[in-house]
Amino acid sequence: MAKVRTRYFGKIREMLGVKTEEYDLKEEATLADLLLHYIPDRHKGKSEDWKKTIFRTVKGEILVNKDGTPVLKNYLILIDGKTSSLKQKLKDGNVIAVLPPFGGG
């Protein structure tokens with residue numbers, strides 16, 4: 001089992017009402033598993049808003065790539081400060097940051 005910490009920023013922080021959380025994940029859990037299952041399961045009242053905010057959807061269904069991974073909107077998801085694939089397996093002690101799209105110019 002792996003214990004990971006999530007950190008939320010911007011609109012996501014406001015939506016979920018928390019800055020940070022810890023999750024106990026099953027062995028071999030991926031970043032996609034965390035985003036698709038663990039976080040929405042903890043925030044059941046906000047799970048649909050979560051999915052519509054983080055992932056690209058069509059008629060309420062999450063779009064997936066050819067490899068089966070969900071398609072993110074413009075959110076940046078970092079593991080220990082680095083970008084990674086949604087297929088990456090999470091390890092004990094990982095810190096996952098969910099950052100909103102950046103604007104400006």
Side-chain angles (χ1 to χ4, degrees):
M1 187 171 280
K3 181 175 276 202
V4 300
R5 177 179 297 256
T6 58
R7 297 180 65 209
Y8 307 109
F9 298 87
K11 181 179 179 180
I12 294 294
R13 179 184 287 180
E14 292 171 17
M15 179 191 343
L16 298 179
V18 294
K19 292 181 182 181
T20 185
E21 298 181 299
E22 288 188 355
Y23 288 88
D24 291 319
L25 308 179
K26 291 181 181 175
E27 208 59 40
E28 304 292 312
T30 64
L31 180 56
D33 293 330
L34 176 70
L35 299 175
L36 284 169
H37 305 293
Y38 287 90
I39 295 172
D41 285 351
R42 182 170 291 175
H43 298 277
K44 291 195 186 302
K46 311 269 188 201
S47 64
E48 287 305 312
D49 290 339
W50 164 262
K51 289 179 180 180
K52 288 177 186 174
T53 301
I54 293 289
F55 301 107
R56 294 200 183 274
T57 59
V58 173
K59 297 181 183 177
E61 295 295 318
I62 296 172
L63 292 177
V64 294
N65 291 310
K66 290 180 183 178
D67 65 2
T69 58
V71 178
L72 289 171
K73 284 190 175 175
N74 294 328
Y75 279 79
L76 182 61
I77 313 293
L78 303 176
I79 300 175
D80 298 332
K82 299 176 185 167
T83 58
S84 70
S85 161
L86 291 180
K87 289 182 163 188
Q88 182 170 331
K89 291 181 180 145
L90 297 174
K91 299 180 285 191
D92 194 51
N94 283 147
V95 176
I96 293 84
V98 181
L99 300 151
F102 293 97

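We're numbering straight along the sequence, starting at 1. Being a predicted model, the structure only gives us computed values, none of them experimental.
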*Do Val98 and Met15 share a hydrophobic cluster, counting only Ile, Leu, Val, Met, Phe, Trp and Tyr and linking them when any side-chain heavy atoms are less than 4.5 Å apart?*
yes
*Do Tyr23 and Ile96 touch side chain to side chain, with heavy atoms closer than 4.5 Å?*
no
*Any sub-3.5 Å donor-acceptor pair from Arg7's side-chain atoms to Thr20's backbone N or O?*
no
*Measure the CG-NE2 distance between Leu25 and His37 for me, rounded to the nearest 0.5 Å.*
12.0 Å
*asked:* For residues Phe55 and Leu16: do they belong to one hydrophobic cluster (side chain heavy atoms under 4.5 Å, members Ile, Leu, Val, Met, Phe, Trp, Tyr)?
replied: yes
*asked:* For the OG1 atom of Thr6 and the OH atom of Tyr38, what is their distance to the nearest 0.5 Å?
replied: 13.0 Å
*Would a distance-only check, ignoring hydrogens and angles, find a side-chain to backbone donor-acceptor pair under 3.5 Å from Asn65 to Asp67?*
no
_By the side-chain hydrogen bond (donor to acceptor under 3.5 Å, both in side chains) test, which pairs, at least two apart or in different chains, include something from residues 39-63?_
Glu21-His43
_Connected via hydrophobic side-chain network under 4.5 Å: Leu36 and Leu78_ = no
*side-chain hydrogen bond (donor to acceptor under 3.5 Å, both in side chains) partners for Asn74, two or more places apart*: none
*Can you hop from Val58 to Val71 via hydrophobic side chains spaced under 4.5 Å?*
yes
*So how far is it from Lys19 NZ to Tyr8 OH, rounded to the nearest 0.5 Å?*
14.5 Å
*Do Leu72 and Ile54 touch side chain to side chain, with heavy atoms closer than 4.5 Å?*
yes
*asked:* Minimum heavy-atom separation for Phe9 and Leu99, please, with both atom names.
replied: CD1-CD2, 3.4 Å
Enumerate, atom names and distances included, each donor-acceptor pair closer than 3.5 Å involving a side-chain atom of residues 26-35, sequence neighbours excluded.
from  : atom 1 : to    : atom 2 : distance (Å)
Glu27 : OE1    : Met1  : N      : 2.8
Glu28 : OE1    : Lys89 : NZ     : 2.9
Thr30 : OG1    : Ala32 : N      : 3.4
Thr30 : OG1    : Asp33 : N      : 3.1
Thr30 : OG1    : Asp33 : OD2    : 3.2
Asp33 : OD2    : Thr30 : N      : 2.9

_Tell me whether Asp92 contacts the main-chain N or O of Lys3 through its side chain, where contact means a donor paired with an acceptor under 3.5 Å._
yes
*pair Val4-Val95: side-chain heavy atoms closer than 4.5 Å*: no
*Is there a path from Tyr75 to Ile79 through hydrophobic residues (I, L, V, M, F, W, Y) whose side chains come within less than 4.5 Å of each other?*
yes
